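As the structure is a computational prediction, the values presented were derived from the model and not from experiment.
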Amino acid sequence: MAGARKLELQDALALGPGWRHACHALLYAPDPGLLFGRIPLRYAVLMQMRFDGRLGFPGGLVNLQDGSLEAGLRRELSEELGEAAAHVPLERADYRSSHAAPGPRVVAHFYAKQLTLEQLLEVEKGAPRAKDHGLEVLGLVRVPLYTLRDGVGGLPAFLENSFIGAAKEQLLEALQDLELVEPGSLTAHKISLPH
């Protein structure tokens with residue numbers, strides 16, 4: 001979100017009735033796999049290709065009828081990713097950050113949830129049958145957490161894509177803070193971290 005300001009959750013929730021709230025989630029799981037039998041995958045991290053051709057995280061607008069931000073996020077995950085995602089136990093403890101957009105008066109809340117690899121595979125398998133698949137969501141994509149020998153392939157090339165709102169910054173913060181990549185690897189490969 002260009003020009004978005006980061007807020008504490010309680011401040012974001014106190015913005016008033018003129019603001020809409022959106023919730024999105026990074027779903028990830030430990031992955032012991034090796035690419036080409038030699039490059040450790042470390043984690044499977046899901047993002048999605050949106051209807052507008054940009055990458056983002058599953059989720060969307062939530063409302064008071066949902067009961068809570070987390071209930072609204074679970075509803076959105078079910079619509080975008082299918083039945084397996086509806087059972088992901090997202091809680092307030094999975095909350096990471098909030099960003100308020102300057103223009104459209106939308107505050108975006110970001111969550112991260114670790115699953116087992118089996119749970120994540122079930123989400124991936126069920127996503128093509130989700131209500132919004134082929135409409136709002138064009139497909140899931142895993143984030144490559146490695147950098148190939150050329151210094152470009154893998155995560156550096158992935159980050160050259162177009163992302164919606166604060167998704168790129170949220171991804172980089174989560175990769176670093178949750179230690180989903182080797183410590184120091186983002187800066188070693190000259191990947192700009194959010195401030």
Side-chain angles (χ1 to χ4, degrees), residues 23-50 53-59 73-74 76-91 93-97 110-130 132-134 136-164 166-194:
C23 294
H24 297 87
L26 178 151
L27 302 177
Y28 68 100
D31 188 343
L34 296 172
L35 178 65
F36 307 127
R38 62 180 170 78
I39 301 171
L41 297 178
R42 295 182 47 86
Y43 289 89
V45 175
L46 293 184
M47 292 191 80
Q48 63 187 18
M49 177 62 68
R50 296 164 31 94
R54 293 185 269 185
L55 293 170
F57 294 103
L73 179 53
R74 284 190 296 274
E76 282 289 329
L77 292 180
S78 176
E79 291 172 4
E80 293 185 1
L81 300 178
E83 197 56 37
H87 303 295
V88 170
L90 275 158
E91 302 165 352
D94 302 311
Y95 167 82
R96 299 205 40 85
S97 64
F110 184 59
Y111 293 73
K113 182 68 176 182
Q114 182 173 336
L115 307 176
T116 66
L117 187 55
E118 293 75 22
Q119 289 171 314
L120 189 121
L121 291 171
E122 285 301 311
V123 169
E124 286 179 319
K125 188 166 58 169
R129 294 185 300 279
D132 289 341
H133 184 79
E136 287 183 36
V137 179
L138 301 182
L140 292 179
V141 59
R142 286 192 187 188
V143 179
L145 300 182
Y146 47 82
T147 300
L148 298 178
R149 279 188 228 161
D150 65 3
V152 177
L155 185 58
F158 182 83
L159 293 173
E160 294 299 318
N161 285 294
S162 180
F163 293 80
I164 187 70
K168 182 177 180 179
E169 292 80 12
Q170 292 165 331
L171 172 64
L172 290 171
E173 282 181 11
L175 293 180
Q176 180 175 300
D177 295 348
L178 298 171
E179 298 181 357
L180 302 183
V181 294
E182 292 285 340
S185 67
L186 295 178
T187 53
H189 293 291
K190 298 184 174 102
I191 295 172
S192 300
L193 297 173

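Minimum heavy-atom separation, R74 to V88: CD-O, 3.7 Å. Listed here is the closest heavy atom pair of L90 and A25: CD1-CB, 4.4 Å. Contact between M47 and A167 at its shortest, heavy atoms only, is CE-CB, 4.2 Å. Closest approach of P144 to L155, counting heavy atoms only: O-CB, 3.1 Å. When all heavy atoms are compared, the tightest approach of P58 to L73 is O-CD1, 4.2 Å. For P156 against T147, the heavy-atom pair with the smallest separation is CD-OG1, 3.4 Å.
Taking the six-membered ring where tryptophan is involved, the planes of F110 and F57 are tilted, since the angle between them lies from 30° to 60°.
A heavy-atom distance below 4.5 Å is not found between the side chains of F163 and R54. Using a 4.5 Å cut-off on side-chain heavy atoms (C-beta onward), R96 and D177 make contact. Residues L55 and V143 have side chains not in contact (no heavy-atom distance under 4.5 Å, counting atoms from C-beta outward).
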Show the numbers, then the answer: is there a side chain to side chain contact (heavy atoms under 4.5 Å, CB included) between E124 and L46? CA-CA 9 Å; E124 286 179 319; L46 293 184; 3.3 Å; yes
List the steps, then state whether side chain to side chain contact (heavy atoms under 4.5 Å, CB included) holds for L171 with F158. CA-CA 11 Å; L171 172 64; F158 182 83; 4.1 Å; yes
Check against side chain to side chain contact (heavy atoms under 4.5 Å, CB included), L27 and L81: CA-CA 11 Å; L27 302 177; L81 300 178; 3.9 Å; yes
Show the numbers, then the answer: is there a side chain to side chain contact (heavy atoms under 4.5 Å, CB included) between V152 and E160? CA-CA 10 Å; V152 177; E160 294 299 318; over 6 Å; no
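Note that CD of E76 is 9.0 Å distant from SG of C23, once rounded to the nearest 0.5 Å. Q48 contributes atom CD, which lies 10.5 Å from atom NE2 of H133 (distance to the nearest 0.5 angstrom).
Proximity of a side-chain donor or acceptor of R129 to a complementary backbone N or O of G82 within less than 3.5 Å is not detected. With hydrogens and angles ignored, the 3.5 Å screen pairs a side-chain donor or acceptor of R42 with a backbone N or O of E179. With E80 contributing its side chain and G59 its backbone, the two residues share a donor-acceptor pair below 3.5 Å.
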Would you list the atom pairs, donor with acceptor, under 3.5 Å between side chains in residues 30-41 and any protein atom, with sequence neighbours excluded?
unit_1: D31; atom_1: OD1; unit_2: G33; atom_2: N; d: 2.9
unit_1: D31; atom_1: OD2; unit_2: R142; atom_2: NH1; d: 3.2

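Put simply, the residue from L175, L178, L145 that forms a side-chain contact (heavy atoms from CB on, under 4.5 Å) with Y43 is L145.
Judged as a side chain to side chain donor-acceptor pair (under 3.5 Å), and not counting sequence neighbours, the contacts of R50 are D52.
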